[in-house]
Amino acid sequence: MSFILKLGWFFRKRWLYYVFTVVLMSSTSFLNSVAPRLVGDAIDKMKGGLLTEALLMQTVGLLFGIAILMYLFFYVWNNLLFGSAALLDKQLRDRLFGHWTRMTPSFFQRNRSGELMALASNDIQAVSNTAGFGVLTLVNTVVITSVVMVSMIVFVSFKLMIAALLPLPLLALAISRLGKSLRNRFIVAQESFGQMNDHVLESISGMRVIRSYVQEEKDMDAFERVTGDVMDKNIKVAFVNALFQPAISIIVGVSFAIGIGYGSFLVFYNEISLGQLVTFNIYLGLLIWPMIAFGEFINILQRGNASINRIQDNLEQRQEVSDTEKAVEIVHPGLIEFKGLTFRYPEGSADSLKDLTLTIRRGETLGIVGRTGSGKSTLLKQLLRQYPISERSLLIDGVPIENISIDNVRSWIGYVPQEHLLQSRTIRENIALGKPEATAEELTNVLDLAFLKQDIEQMDQGLSTIVGENGVALSGGQKQRVGIARALLTNPDILILDDALSAVDARTEHAILEQIRRTREGRTTLIATHRLTAVAHAQQIIVLETGRIIESGTHEQLMQLGGWYCLQYNRQKLEQALLTDEKEEL
Ligand code: ATP
Ligand code: MG
């Protein structure tokens, strides 16, 4: 029942199809129960010497007609039922995927990729199986059993029916016991399958690291343990599954023994005819499938239930950031103000930003520096609205960011994250991700800006080169520059470069930044970096230390201050000079 409730949205749309399916299935079962009666009648007539050739032909003709009709019905309901199941499969998958695309980073921190894959494959399959095969077995059980029972009473004998079906309650008991244990084991097996998926994903994406540390054997061993675990848990499922069939066979066998034994006794005392006994035994035979179907139904329903619960739990997880109803629309953002912003990651144990106050005017370039882990990326991510923050601590043109819709915020921003995010498509598609309609001219322009032209020319297929998953076909610096080209293509109001040129040599970095500065006249640029020369030109530079601003000002002011910035700047300059000397000596 809860299964149907949880899929209410689907059954409400398709109920007519299901009603039609059930009607056709019932008609098939009904036709199926007419045949034994015809056979029994013919036998009785034969025994009484009343069977004429015409009568026999009539019976055979009727049987033939019934068979054809059943075939037609079967064809139609099968298509209807499994069509619905396939539709449910598709719609559930679309729902899940749509849900995931709206989720923020902490969702993916909580739900690992392998588990999500298991949901989208095994669990959805279990659910659609319930909506297809599950409905089939349920309707078959209910309809065939009742039609056959009524036929037994009407055409044969009530007493005989009761006696023969006496063992059936035992069957229900056995099945409900086994079903419970099956469901529990199935949930455990699905979880283990998710863990296996995770392992595969991590190993494949990290294959280069695994190889370079010669960890293949170890990883294989670990994987064998995981697959072993999946196997063990599935064997446990299969073990309970296997108990269903024997339980059914034994009980059906007892039924037959009673049917034939007690039936013969009744024939002996002339309470029923021989034809009726034959009819009855054919009926009993017809009951075997519904009994098996019932066992299957319980089994399928338990799995479907376990899976729909897992899917539902996932769908009910909300993203932490949501749009307000009366969102303010800002087309071109100007002033960005942080007002005493303190921020902690939902999973974090300490504040990553502490009491941060900062004003960035339109058209300014802000440099963010500080040692690793000081909060640079965290500060930049606040502008993407990925995490909830305390009210009125970040304002855009005086409007709290929580009052602006997420889509609006993201429409201003070109973000080059610290870890490159390339998809296994062509370079062209990767660059044009935010603006698929970009012209060739616009593309050439950003290739120029990101200093990618030469790199692309050297590739056989140029812009159509497929970069592979995670950009395996590109160098680190090339990946970073593809990311930059992508962000520049949309000509965003706010450009965020998070350590975006760390893998590019200092001279190229300088040249790229110089170009960017020229084209971004009047637009805001935020740059986090470890190479201080990259932000020396910025109107404002802040130095972060464990989430706090410890120094701020222009390059000149910070040099005069003689703090962390000055020390670091001189050190990097010295290193650079030594490096150049070495090169000259070579
Ligand atoms: P780097 O120069 O290495 O890029 P960063 O200055 O960008 O460092 P952040 O990534 O902002 O540093 O991290 C700041 C702090 O927040 C770190 O202590 C880090 O451990 C923590 N942190 C970062 N991401 C998360 C997360 N998703 N969940 C919990 N804590 C996080
Ligand atoms: Mg960072």
Side-chain angles (χ1 to χ4, degrees), residues 100 103-113 115-116 198 202 205 209 317-321 336 338 340-358 360 365-390 393-394 401 413-421 476-477 479-480 483-484 487 494-504 506 509 513 525-536 538 540-552 558 563-565 567-569 571-572 575:
W100 295 343
M103 288 297 109
T104 44
S106 22
F107 173 86
F108 296 97
Q109 220 159 323
R110 277 196 308 271
N111 302 277
R112 317 215 355 196
S113 319
E115 282 162 31
L116 297 181
D198 243 353
E202 268 173 24
S205 53
V209 180
Q317 292 185 33
R318 291 277 150 254
Q319 77 250 56
E320 286 79 5
V321 198
I336 303 171
F338 288 88
L341 175 84
T342 296
F343 173 79
R344 177 183 297 202
Y345 283 99
E347 296 81 14
S349 51
D351 292 340
S352 295
L353 293 176
K354 293 170 200 146
D355 194 22
L356 195 110
T357 300
L358 174 72
I360 310 157
T365 297
L366 171 76
I368 306 170
V369 297
R371 68 184 61 185
T372 169
S374 57
K376 300 184 291 296
S377 303
T378 310
L379 171 61
L380 292 174
K381 280 180 198 161
Q382 298 309 313
L383 282 169
L384 302 173
R385 258 202 100 189
Q386 289 179 337
Y387 297 98
I389 50 172
S390 49
S393 52
L394 174 54
I401 199 162
I413 289 175
Y415 175 50
V416 187
Q418 192 162 17
E419 65 291 351
H420 55 80
L421 296 169
K479 281 181 226 172
Q480 288 192 331
I484 289 189
I494 301 174
L495 177 67
I496 297 180
L497 303 178
D498 189 356
D499 214 6
L501 287 164
S502 55
V504 177
E509 176 180 31
L513 287 172
T525 308
L526 279 65
I527 304 174
T529 180
H530 285 281
R531 226 181 258 153
L532 303 193
T533 44
V535 291
Q540 193 181 179
I541 302 168
I542 57 170
V543 180
L544 289 179
E545 165 95 45
T546 58
R548 263 182 223 287
I549 301 183
I550 51 164
E551 295 169 27
S552 74
L558 288 176
W564 185 90
Y565 183 89
L567 208 72
Q568 200 67 13
Y569 188 85
R571 191 178 294 162
Q572 288 186 0
E575 275 172 11

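In this chain, numbering begins with 1 at the start of the sequence shown. Counting starts at 1 for both ligands and their atoms, following the listed order.
Residue-to-ligand polar distances keep Glu347 apart from ligand 1: every N/O pair is separated by 3.5 Å or more. Here's the thing with Lys376: one of its N/O atoms is less than 3.5 angstrom from an N/O atom of ligand 1. Between Gly375 and ligand 1, at least one N/O pair is under 3.5 Å apart.
For atom 20 (O) of ligand 1, the nearest protein heavy atom lies 4.0 Å or farther away.
A distance-only check finds a donor-acceptor pair linking the side chain of Gln480 to the backbone of Ser502 [under 3.5 Å]. A donor-acceptor pair under 3.5 Å links the side-chain atoms of Lys376 to the main chain of Arg371, judged by distance alone. Looking only at distances, a side-chain donor or acceptor of Glu551 sits under 3.5 Å from a matching main-chain atom of Trp564.
Set against the non-hydrogen atoms of Gln418, the atoms of ligand 1 under 4.0 Å away are 1 (P), 4 (O).
Under a 4.0 Å heavy-atom criterion, Arg344 is not in contact with ligand 1.
The backbone and the side chain of Ser374 each have at least one atom closer than 4.0 Å to an atom of ligand 1 (non-hydrogen atoms only).
The nearest N, O or S atom of Gln418 is closer to the Mg ion (ligand 2) than 2.8 Å. The Mg ion (ligand 2) has Ser377 among its coordinating residues (N/O/S atom, backbone or side chain, under 2.8 Å).
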